[in-house]
K.L.:
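I have a structure I would like to understand better, so I am pasting it below and will then ask my questions one at a time.
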Protein chains: 2
Amino acid sequence: MTDAPDRPPLRVTISDVAAAAGVSRATATRALKGEGRFAEQTRARILDISERLGYVPNTMAAELAAGRTGTVGLLLRDASNPAYGLLFSCLQDEANRCGLDLVTVTIGADSGGTKQVTALQRLLGMRVAGLIVATGGVTNAQLEPFADQVPIIRAGRDATGDRVHSVAYDEQSHGALLAAHVHSLGHRRVAVLATDPAASFPEHVRVTAMREHLESAGVEVTPIAVGAGPAEGVDAALALASAGRVTAVMCPSDYRQLAVLRAARDAGMRVPADFSVTGCDGILPGADLLGLTTVRVPVEAVARETVAAMQHLLDTDSDSDDLVRRSYAGPLVAGTTAAVLL
Amino acid sequence: MTDAPDRPPLRVTISDVAAAAGVSRATATRALKGEGRFAEQTRARILDISERLGYVPNTMAAELAAGRTGTVGLLLRDASNPAYGLLFSCLQDEANRCGLDLVTVTIGADSGGTKQVTALQRLLGMRVAGLIVATGGVTNAQLEPFADQVPIIRAGRDATGDRVHSVAYDEQSHGALLAAHVHSLGHRRVAVLATDPAASFPEHVRVTAMREHLESAGVEVTPIAVGAGPAEGVDAALALASAGRVTAVMCPSDYRQLAVLRAARDAGMRVPADFSVTGCDGILPGADLLGLTTVRVPVEAVARETVAAMQHLLDTDSDSDDLVRRSYAGPLVAGTTAAVLL
DNA sequence: CTGAAAGCGCTAACAG
DNA sequence: CTGTTAGCGCTTTCAG
């Protein structure tokens, strides 16, 4: 034996605590969680001992034995994007305001679909009580099979089918809001960065709404097809603008708006003097200083409602038939990157 | 083949799979994880059945039985701050590049110290194989007691003592780098937003380094004591600048730099014409467009080394005596908010 | 190659 | 009020 005899065992179990206190494991359990009946004095002693021993209850064993889990899982997208980072943060805040324990598993943005499934499995394997999905990387079809084992809520984007709940951003309104603004500024020839639905579905929805709104208002729209790369289509947009073919460039995200702004600066073009630009998100710290014209996505509201809905679903004994399907639109932020057409 | 006769049981266990395949649980286990010896044919059948049944292994039971955990816990700070969001993201990427499973627990920025401990307990309760701590909210003293049960690495800031490892930002260099830049620009009267160590220790370290460097170079430093609020001290700084008492304002974070920039704009003062401003972080998307003068914190390097170190600690059988204690400095980003003094 | 049996650490009825 | 007795779902020797 090379170990010091008086150092507490590497892993203190409830048996150790019970033994040291001269009671049975059951009593220790009850005292530790303050449930059931027990003598206040025994309890104090047990609490004291457990603390002295550095006892940390083994969650796995506890939940396995109890047959239920006190945590809800959060499947998250890459948090380097401030919009997701904020959503994450708000979700977490809401959750521990409501007394829900959240465990998060993320999948890097670059990973293929397989990784996302792995992450899903990991959460389900933990037998979480509920699941919040805040990533587009996992499809509704992949979620569907588990929807009757555990309540699943998609946060930030719509779900399809009738088993997976959702509390989403109203991206359609966002697109329309932006389009209305640009139109009201007098622009009649507009370029739109049209994201491929496979690259980013939310962006696609925004763009579609923009185009529809614009076109129905008689604006001439020039779509520029783009994929996931944030700088894609920027050159094309700039070319159109410098040729005078369009007076505004609408981007489906603030990241792309930044890219356009950057390119414009490098090309010596002035915004909004030479052409107007819009984006979408409004989360970037410093967006105000840049004067970004955008829509401020209602992260807080979505986070709040997601957690509230989860709590409701968890409380409701059986899966009642109310499918949660809400959506929220954020306000337009009229910045200085889009101006009245002279 | 008979399509699922009924809906599969709410919770498919390995016994269900074994029964359906006409084998014992032990065989099912082995086949599922491809370890041990078994007939390739049995295996195929078991795999097939488990898939058809929608079997998801119960992680808690598995790890409880196996006595070991395959996941490392990540204790995270509020991710609404892009710097932490990016660290989170990079850590996650690194981890699943290295085949480590990460589960994350976060504590809202507003929560008191109690919540942080709860989160710690939750992770320890899961019996994670290792722990990465990326928040200042939990002290070294709180970590210390668990350090010989599980390897603990602090990411982003220094650890003290000799049990907790750390892979940190070299905030001292960051401060010095910035100070040297401001000095080289010719500034000789500088205001510094001096963060209280209790509000943010990293900021405090940066500031201290700035002051030391500046003062030893003969620069007249005017410290402005600030707490956690991002806008604190901004008015005082502006007053000093507009009175001509200082020619530059150094902030210990880009958030504060933004606040100063905002205030300057509102007050009709121009940066850098009227006075120079610096920050620190360099993570903000769009920092380049704003021309922020800052240091780009080496998030990627820290994430990489943290995960590498964790992997090493996990592989090393016993706790060898090598305490990981590394730190990295990022490059200066000379923006347009700080200019040569005319 | 596969089955039987013994737990992992904890909780949840029941008895005492 | 407290101890006893079964397991939770899975892994893992150790026989067969």
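First the proteins, then the strands, lettered A, B, ... as listed; each starts at 1.
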K.L.:
In plain terms, say whether A:Arg163 and A:Glu144 are close enough for a salt bridge, that is, a side-chain N and a carboxylate O under 4.0 Å apart.
P.N.:
no
K.L.:
When rounded to the nearest 0.5 angstrom, what is the spacing between CG in A:Leu74 and OG1 in B:Thr104?
P.N.:
9.0 Å
K.L.:
Please report, rounded to the nearest Å, how far the C1' atom of C:dC8 is from the CD atom of B:Glu63.
P.N.:
12 Å
K.L.:
Test your reading of the model: is there a side-chain donor-acceptor pair from A:Arg25 to the backbone of A:Asp16, 3.5 Å cut-off?
P.N.:
no
K.L.:
Map every base of DNA chain C to its dot-bracket character, where paired means a Watson-Crick or G-U wobble contact with both distances under 3.5 Å and | marks a partner outside the strand.
P.N.:
|||||||||||.||||
K.L.:
If we ignore hydrogens and angles and just use 3.5 Å, is the side chain of B:Glu94 paired with the main-chain N or O of B:Val307 as donor and acceptor?
P.N.:
no
K.L.:
In whole Å, I'd like the distance from the CE atom of A:Met60 to the P atom of C:dT11.
P.N.:
13 Å
K.L.:
Under 4.0 Å, counting only non-hydrogen atoms across every strand here, what does A:Thr13 touch: a base, just sugar-phosphate, or nothing?
P.N.:
sugar-phosphate
K.L.:
Within this structure, what is the CG-to-P distance between A:Leu32 and C:dA12, rounded to whole angstrom?
P.N.:
13 Å
K.L.:
May I have the distance from B:Ile46 (atom CD1) to C:dC1 (atom C1'), rounded to whole angstrom?
P.N.:
12 Å
K.L.:
Under 4.0 Å between a side-chain nitrogen and a carboxylate oxygen: does that hold for A:Asp48 and A:Arg52?
P.N.:
yes
K.L.:
What range of DNA chain D does chain A touch, first nucleotide to last, counting atoms under 4.0 Å from its heavy atoms?
P.N.:
D:dC1 to D:dG9
K.L.:
Quick one: B:Leu64 CG to C:dG7 C1', roughly how many Å, whole number?
P.N.:
9 Å
K.L.:
DNA chain D: A:Glu40 or B:Ala62, which has the more 5' nearest nucleotide?
P.N.:
A:Glu40
K.L.:
Could you tell me the separation between the CE atom of A:Met60 and the CZ atom of A:Arg127, rounded to the nearest 0.5 Å?
P.N.:
14.0 Å
K.L.:
So which protein N/O to nucleotides 2-5 of chain C N/O distances come out below 3.5 Å?
P.N.:
{"from": "C:dT2", "atom 1": "OP1", "to": "B:Thr42", "atom 2": "OG1", "distance (Å)": "3.0"}
{"from": "C:dT2", "atom 1": "OP2", "to": "B:Ala39", "atom 2": "N", "distance (Å)": "2.8"}
{"from": "C:dG3", "atom 1": "OP2", "to": "B:Ser24", "atom 2": "N", "distance (Å)": "3.0"}
{"from": "C:dG3", "atom 1": "OP2", "to": "B:Ser24", "atom 2": "OG", "distance (Å)": "3.3"}
{"from": "C:dG3", "atom 1": "OP2", "to": "B:Thr27", "atom 2": "OG1", "distance (Å)": "2.8"}
{"from": "C:dG3", "atom 1": "N7", "to": "B:Arg30", "atom 2": "NH2", "distance (Å)": "3.1"}
{"from": "C:dG3", "atom 1": "O6", "to": "B:Arg30", "atom 2": "NH1", "distance (Å)": "3.0"}
{"from": "C:dG3", "atom 1": "O6", "to": "B:Arg30", "atom 2": "NH2", "distance (Å)": "3.4"}

K.L.:
Out of curiosity, A:Asn58 CG to B:Glu63 CD, how far, rounded to the nearest 0.5 Å?
P.N.:
9.5 Å
